[in-house]
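Remarks on the structure that follows.
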Amino acid sequence: MTFEEAKNKLAPAGQEHLLTYYEELTEEGKAGLLNQIDALDLSLLDLIQDGAKEVAKGKLEPLGAVTLEKIAQKKDDYEKKGLEAVKACKVGAVLLAGGQGTRLGLDKPKGMLNVGVNKELYLFEQLINNLLQVVKKADAWVPLFVMTSEKNNEDTTTFFREHDYFGYNKDYVFFFVQEMAAASSYEGKIYLEEKGRIATSPNGNGGWFSSLAKAGLLDKINEFGVEWLNVFAVDNVLQKIADPVFVGATIDAGCVCGAKVVAKADPNEKVGVLCLEDGKPSIVEYYEMTDEIINSRDEKGTLLYNYGVILNYLFDVKTLTRLMNENMPTHVVEKKIPYINEKAELVKPTEPNGYKFETLVLDMIHMMDNCLSFEVEREREFAPIKNRTGVDSLDSARELMKKNGIEF
Ligand code: UTP
């Protein structure tokens, strides 16, 4: 793309300011900026005309879950089935580690957080420890695919190498890099993070399967014979990965996907709830539900919309492959975006200052014909580290680690 072409692309969208420092750049810098402008998807900016607004929801209905009680009755059966699948290398794990963890405000990948007190224990390490429990039980390695972003790939891969993959078999670990999207101010002006660099951020965790395919890893998946992918977040220390009971239950139910859920702590808890939307499984955020829906109960007094997701899903690979090119909704999310101001000084805001554009893995659930809602015990499986202090922080996670007998 030439300078003129870039100008012609940017001017109608009111984004010419991205070329402000063009003349000051080296030849290489100029080419880099023009490439970035060429790749820019300006249509995303149309989404913010009315501020951050969510996609409208269809008709909602409750979706029950296989409850803890029911799971306990069939645990041995499920586990046997799941372990057979793991042994046969039919189950792969996908660690979503491309996020920036802006709420935690770490200047390195979240997985590098040391959650230990008496000894070093990194988030990545604890996740590997959790996965190793299944590996031992099944006596078989589970292929692990790790999604990173342009911003943290180098740090992440180096960290794994330096720690010798925390005891995992490195022949079963594969990294792939997700895509990025531009970030803008509240007024819809795309930020520059350097004179010759547009501010971009990872484009959400919804594109994980297409990024994995673009990286050529579908070949690996087929080579191994992986039929199920267990997708999970980096920041839950208690995350059970490739959990045979969950895998077995999903296979037993004949579903194309499964989601681990926890009973809500109270009706207004801020979690995405797994329910039915226009007859298909769907995850609906608390702010997308009316008070009436949030508080509705069955004859026994149990909340009808009771099960919150914990970002641990199991997907059938064939279905994922078939749906890979379907459009997913884009969410406009308020975030803290580092940028250069009019004096070309770098500003690292402490409060959100604009929008990022993201697709989300939770929207994949609505693309599926069915989904097994699988209840797990919150205190045993859900200790996310999102914030610096308080709810879902390192402190709260440590409390739960203690309760689960994890040494740290
Ligand atoms: P979060 O929604 O908590 O986002 O991610 P985040 O970026 O980590 O943190 P905040 O919101 O900025 O504080 C849930 C999971 O999805 C991954 C994260 O790494 C985490 O495991 N994720 C998120 C990606 O892999 N890519 C993304 O673009 C966003």
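Counting convention: from 1, in listed order, for ligands and their atoms alike. FYI, the numbering just counts along the sequence from 1.
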Does ligand 1 have any N/O pairs with the protein under 3.5 Å, and how far apart?
{"from": "ligand 1", "atom 1": "3 (O)", "to": "R103", "atom 2": "NH2", "distance (Å)": "3.1"}
{"from": "ligand 1", "atom 1": "3 (O)", "to": "K386", "atom 2": "NZ", "distance (Å)": "2.6"}
{"from": "ligand 1", "atom 1": "7 (O)", "to": "Q100", "atom 2": "N", "distance (Å)": "3.0"}
{"from": "ligand 1", "atom 1": "7 (O)", "to": "G101", "atom 2": "N", "distance (Å)": "3.3"}
{"from": "ligand 1", "atom 1": "9 (O)", "to": "G101", "atom 2": "N", "distance (Å)": "3.4"}
{"from": "ligand 1", "atom 1": "11 (O)", "to": "R103", "atom 2": "NE", "distance (Å)": "3.2"}
{"from": "ligand 1", "atom 1": "11 (O)", "to": "R103", "atom 2": "NH2", "distance (Å)": "3.0"}
{"from": "ligand 1", "atom 1": "11 (O)", "to": "K335", "atom 2": "NZ", "distance (Å)": "3.2"}
{"from": "ligand 1", "atom 1": "12 (O)", "to": "T102", "atom 2": "N", "distance (Å)": "2.7"}
{"from": "ligand 1", "atom 1": "12 (O)", "to": "T102", "atom 2": "OG1", "distance (Å)": "2.5"}
{"from": "ligand 1", "atom 1": "12 (O)", "to": "K335", "atom 2": "NZ", "distance (Å)": "3.2"}
{"from": "ligand 1", "atom 1": "13 (O)", "to": "T102", "atom 2": "N", "distance (Å)": "3.2"}
{"from": "ligand 1", "atom 1": "13 (O)", "to": "R103", "atom 2": "N", "distance (Å)": "2.8"}
{"from": "ligand 1", "atom 1": "13 (O)", "to": "R103", "atom 2": "NE", "distance (Å)": "2.9"}
{"from": "ligand 1", "atom 1": "16 (O)", "to": "N205", "atom 2": "ND2", "distance (Å)": "3.0"}
{"from": "ligand 1", "atom 1": "19 (O)", "to": "L96", "atom 2": "O", "distance (Å)": "3.2"}
{"from": "ligand 1", "atom 1": "19 (O)", "to": "G99", "atom 2": "N", "distance (Å)": "3.0"}
{"from": "ligand 1", "atom 1": "21 (O)", "to": "L96", "atom 2": "O", "distance (Å)": "2.6"}
{"from": "ligand 1", "atom 1": "21 (O)", "to": "V234", "atom 2": "N", "distance (Å)": "2.9"}
{"from": "ligand 1", "atom 1": "22 (N)", "to": "G99", "atom 2": "N", "distance (Å)": "3.4"}
{"from": "ligand 1", "atom 1": "25 (O)", "to": "G98", "atom 2": "N", "distance (Å)": "2.8"}
{"from": "ligand 1", "atom 1": "25 (O)", "to": "G99", "atom 2": "N", "distance (Å)": "3.4"}
{"from": "ligand 1", "atom 1": "26 (N)", "to": "G99", "atom 2": "N", "distance (Å)": "3.4"}
{"from": "ligand 1", "atom 1": "26 (N)", "to": "Q178", "atom 2": "OE1", "distance (Å)": "2.6"}
{"from": "ligand 1", "atom 1": "28 (O)", "to": "Q178", "atom 2": "OE1", "distance (Å)": "3.4"}
{"from": "ligand 1", "atom 1": "28 (O)", "to": "Q178", "atom 2": "NE2", "distance (Å)": "3.1"}
{"from": "ligand 1", "atom 1": "28 (O)", "to": "G204", "atom 2": "N", "distance (Å)": "2.8"}
{"from": "ligand 1", "atom 1": "28 (O)", "to": "G204", "atom 2": "O", "distance (Å)": "3.2"}

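Taking the centre of each ring, F124 and F166 stay at or above the 6.0 Å mark. For Y172 and Y165, the distance between ring centers is not under 6.0 angstrom.
Smallest separation of non-hydrogen atoms from W228 and V226: O-CG1, 3.3 Å.
With no hydrogens or angles considered, a side-chain donor-acceptor pair links Y186 and E334 at under 3.5 Å. Residues E120 and Y122 have side chains that bring a donor and an acceptor to within less than 3.5 angstrom of each other.
The aromatic rings of F160 and F175 sit perpendicular, their planes meeting at an angle over 60°, well past the 30° parallel limit.
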